[in-house]
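The structure under discussion appears below in the form of structure tokens.
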Protein chains: 4
Amino acid sequence: MEEGRTNEKRGTILDSAERLFAARGPAATIDEIAREAGVAKGTVYLYFPSKEELYLSLVEDRIDSYLVQSRQALLEAGPAEEVLRLLVHMRMQFVSEHLGLLNTLFQSCVPGTAHIHERIFRAKRTAQRVFAEAIERSLPRLSVDTEHFLIMVSGMADHLVMHQVYLHGTFDPEATAETVLQLALPSLKAVVAEEIGEHEQSLAGTDAPGP
Amino acid sequence: MEEGRTNEKRGTILDSAERLFAARGPAATIDEIAREAGVAKGTVYLYFPSKEELYLSLVEDRIDSYLVQSRQALLEAGPAEEVLRLLVHMRMQFVSEHLGLLNTLFQSCVPGTAHIHERIFRAKRTAQRVFAEAIERSLPRLSVDTEHFLIMVSGMADHLVMHQVYLHGTFDPEATAETVLQLALPSLKAVVAEEIGEHEQSLAGTDAPGP
Amino acid sequence: MEEGRTNEKRGTILDSAERLFAARGPAATIDEIAREAGVAKGTVYLYFPSKEELYLSLVEDRIDSYLVQSRQALLEAGPAEEVLRLLVHMRMQFVSEHLGLLNTLFQSCVPGTAHIHERIFRAKRTAQRVFAEAIERSLPRLSVDTEHFLIMVSGMADHLVMHQVYLHGTFDPEATAETVLQLALPSLKAVVAEEIGEHEQSLAGTDAPGP
Amino acid sequence: MEEGRTNEKRGTILDSAERLFAARGPAATIDEIAREAGVAKGTVYLYFPSKEELYLSLVEDRIDSYLVQSRQALLEAGPAEEVLRLLVHMRMQFVSEHLGLLNTLFQSCVPGTAHIHERIFRAKRTAQRVFAEAIERSLPRLSVDTEHFLIMVSGMADHLVMHQVYLHGTFDPEATAETVLQLALPSLKAVVAEEIGEHEQSLAGTDAPGP
DNA sequence: TATGAATGAGTGTTCATTCAT
DNA sequence: TATGAATGAACACTCATTCAT
């Protein structure tokens, strides 16, 4: 019960942090976040050892809850195409609920950029892997790296969202998802077709572009 | 000559700024930038009225030179597919030369985030439009919005690069470009096919592939 | 008690500010003031939002306490002449305790001069009005504007003090008050006489004295 | 001729300095002053070794020219009363032409306040002495120190002007002069009367209030 | 647990002054 | 003489973090 109350306060602080990072970017202050959460500045430090850790916890927490939500849906996975549709729609759903994070995700809120980016990267990758596995379950051998495929799809989606947001202030999750799928599905099909046998433009073989 | 010297120093400062913003993100200090450029702190303010403006000038300058380089190549445009290949390869080339900017591009380096993002957005969009026109010249009526198409392609590319960089420290421009094209080209063809054939709008879902 | 402690620190800072503005004029540094007050720089900003506001608070606070002291004495007001004597003596008393302010009163301590002067002017005028009313209570209808009369008297006094201070480093409040009254009292009497007699407005020029 | 041209430029700079110190107080910049004067920043330093010296030169120059103007008029001195009228009117005239200086006269434009004030004091005192002598010529033995008398009169005048200016933005030199004289003349007469023989309220005797 | 007063290192920016041309 | 690019010391102000209560 004590713990329940404790976690509740932690959650309140995270929510405030999200609102403020979304609104003011890295310039958001511990003071502001505490005020918004209705606690004293010192209290924030009882739950998070530093501003950096608060920020990272926020990102990790949101990515985590995204993962939890999505995993649920992925269990009822249909064919690969359906999985992809589901993933894109869920991402748009998530992004529309946490638009601020998209703006913030690549911003370092404190010095020491590299270190932070790395941790965010790790969190994002964990999610990506889960999704990749889901796709691979229904479409075992794909000619392109599934993870790369998903990275590209989410990159497409995020960029498009940002474009819409800058242009119109908001975006329509459903419509944007469809636009993304217009681009992603033909490729998925091409990859599958190739998988079955007819190589047309040698998609595969370039594989993982590393250094 | 007088002017040459002036622009030379401006360029030196921009270069130092790029290096430092890349290495330390928004935390990069005017002091550091000046030292790296071999000038006094006050000198930076002779060329840029504020840190914010220095940062924006940097981004705009790089986007601009990217545009100039690309426009050259686009003049010898072949069919749409070739244009797309060219664009992706050039972007990867550019990104590999300005990797730091990718990390920085969405970061606000000073308070007042919204305002800054807007200006960067404007700069990016100007470039995007030029490229969209180039594609439309060789493939006049496309079923998807050309600008959206390009936004998605660049989003794919940038995300993939970041992934590689976090994973391996660097990335191979050529290989990454090819991976991106694996995803983008089938869609372009699908769109063109549709253009030629009888479909009207929705690319996706027309003929679902077997699982 | 909590409040007592807070106000105590505020008072300490104001005292230090007064000493330093007196000694070094507008060039006094927040750093110096903080050090003199025995607090950290940041603490000053806990009590005053800016150097400008610290300076204005100082002036307003001193004028206020001057007003409070004087009001006390004015309640036991005798005839107009006595009121005037009282006022001049109290002013000299106040000035001798806050000599630094006299040097500083017309100095702007930060850019935005006009705005600051206006606020100081307002504070001074509030005091002046209180005094004008006190005089008017005992000498209802005066032929010169009472406020103008008081402005001139205080101008005389302040100038004389500054003269003494530059010349000798200090000044004798009592003696200076008497010198001021030598000039002011005849005029007050003349005004009263006129009030009683047959002149209407112009004091001067009515009966020119022999050379 | 060369010298004539030189002095002309010096004068131009002083004029610009006056305008800018009047408008922006101590915050006025050498840069601004130079621009206003139509010369390069470095040129200012050919004529004045420092900002401080520029400021002091300005004050001294203006006081000097005030002295020159007044001396002219004082040569045709009539009786003491007339001399006083003349002095007050000329001061108001001068002040109305150099209103900015009044605002600036007590402002230190650079650190090192004491040192500057002393020099300004010296300049003002030189003028005061000349005027005191003029009065003493026509009214040889006065019971109050003539210099003190003049200091007080000018203090009255300056204060009244500032009051008007803050209140209405400008002031009427003639009207203000008359208001000042309303206060000053009766005292002069009282002093003279006393001089002649009838002591009424023992004005004299307190004499110079020093430490 | 919770508070919020206190801290002080850190930074963007200004501007008087210099000096090579 | 005249210029104005370059300098760098100086300073107001911020804010993450601590700690006594």
Side-chain angles (χ1 to χ4, degrees), chain A residues 2 5-6 9 26-35 38-55 109-111, chain B residues 2 5-6 9-10 26-35 38-54 109-111, chain C residues 2 5-6 9-10 26-35 38-54 109-111, chain D residues 2 5-6 9 26-35 38-55 109-111:
Chain A
E2 270 295 298
R5 187 143 148 233
T6 281
K9 193 160 279 186
T29 288
I30 292 281
D31 237 330
E32 292 169 328
I33 293 169
R35 205 176 314 130
V39 300
K41 209 190 323 190
T43 306
V44 174
Y45 282 86
L46 290 177
Y47 294 91
F48 305 94
S50 70
K51 187 185 181 183
E52 177 177 315
E53 212 58 37
L54 166 59
Y55 174 68
C109 281
V110 275
Chain B
E2 272 295 300
R5 179 131 153 245
T6 280
K9 193 156 279 186
R10 199 189 122 101
T29 286
I30 292 282
D31 242 327
E32 292 169 329
I33 293 170
R35 203 174 316 128
V39 301
K41 205 192 323 193
T43 306
V44 173
Y45 283 88
L46 240 46
Y47 293 91
F48 307 94
S50 68
K51 186 183 180 182
E52 175 177 318
E53 212 58 36
L54 167 58
C109 280
V110 273
Chain C
E2 272 293 300
R5 179 131 154 247
T6 280
K9 193 157 279 186
R10 201 189 120 100
T29 285
I30 291 281
D31 245 326
E32 292 168 331
I33 293 170
R35 203 175 315 128
V39 299
K41 204 197 317 195
T43 305
V44 174
Y45 284 89
L46 241 45
Y47 293 91
F48 306 94
S50 68
K51 187 184 179 181
E52 175 177 318
E53 212 58 37
L54 167 58
C109 280
V110 273
Chain D
E2 270 294 298
R5 186 140 149 236
T6 280
K9 194 161 279 188
T29 288
I30 291 281
D31 236 328
E32 293 168 329
I33 292 169
R35 204 176 315 128
V39 301
K41 208 188 328 189
T43 307
V44 174
Y45 282 86
L46 290 177
Y47 293 91
F48 306 92
S50 69
K51 187 184 179 183
E52 178 177 315
E53 212 58 37
L54 167 59
Y55 173 67
C109 280
V110 275

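Convention: sequence-line order gives letters A, B, ...; per-chain numbering from 1. What you see below is based on every heavy atom in this structure, not just the backbone, and it leaves out hydrogens, waters and symmetry mates.
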Q.
Assuming nearest nucleotide by heavy-atom distance, tell me which of B:Thr29 and D:Tyr45 is located more 5' along DNA chain E.
A. B:Thr29

Q.
Assuming nearest nucleotide by heavy-atom distance, tell me which of B:Leu46 and C:Ile30 is located more 5' along DNA chain F.
A. B:Leu46

Q: Mind calculating the distance between CD1 (D:Ile33) and P (E:dT17) to the nearest angstrom?
A: 11 Å

Q: Nearest 0.5 Å please: distance from the CZ atom of C:Arg10 over to the CG atom of C:Leu54.
A: 9.0 Å

Q | Euclidean distance, atom NZ of residue B:Lys9 to atom P of F:dG4 [Å, nearest integer] | A | 17 Å

Q) Rounded to the nearest Å, what distance is computed from the CG atom of residue B:Leu54 to the P atom of nucleotide E:dG12? A) 10 Å

Q | Secondary structure of DNA chain F in dot-bracket form (Watson-Crick or G-U wobble, distances below 3.5 Å, | marking inter-strand pairs) | A | .||||||||||||||||||||

**Q.** Interatomic spacing from CG in C:Asp31 to NZ in C:Lys41 - rounded to 0.5 Å
**A.** 4.0 Å

Q: State whether the distance check finds a donor on one side and an acceptor on the other, under 3.5 Å, for side chain A:Lys41 versus base F:dT17.
A: yes

Q.
Check the phosphate of F:dA6 against B:Tyr47, side-chain N and O only, distance under 4.0 Å to OP1 or OP2. Yes or no?
A. yes

Q. Over how many whole Å does the gap from C:Glu53 atom CD to F:dA12 atom P extend?
A. 15 Å

Q. Hey, what do you get for OG1 (D:Thr43) to CG (D:Leu46), rounding to the nearest 0.5 Å?
A. 5.5 Å

(Q) Can you give me the closest heavy-atom contact between B:Glu53 and B:Phe48, atom names plus distance? (A) O-CD2, 4.4 Å

(Q) Quick check: closest heavy atoms across A:Lys51 and A:Ala28, and the distance to 0.1 Å? (A) NZ-O, 2.8 Å

Q | Separation of atom CZ in B:Arg10 from atom P in F:dA6, rounded to whole Å | A | 13 Å

(Q) Just the rounded figure in Å: distance from P of F:dA16 to CZ of A:Phe48. (A) 15 Å

Q: Would you mind telling me which residue lines up with the more 5' stretch of DNA chain E, C:Asp31 or C:Val44, judged by nearest nucleotide?
A: C:Val44

Q) Between A:Glu32 (side chain) and A:Thr29 (backbone), is there a donor-acceptor pair under 3.5 Å? A) yes

Q.
What is the separation between atom OH on A:Tyr55 and atom C1' on F:dT17, rounded to the nearest whole Å?
A. 21 Å

Q: State which of F:dT7, E:dT13, E:dG4 makes the closest approach to the side chain of B:Lys51.
A: E:dT13

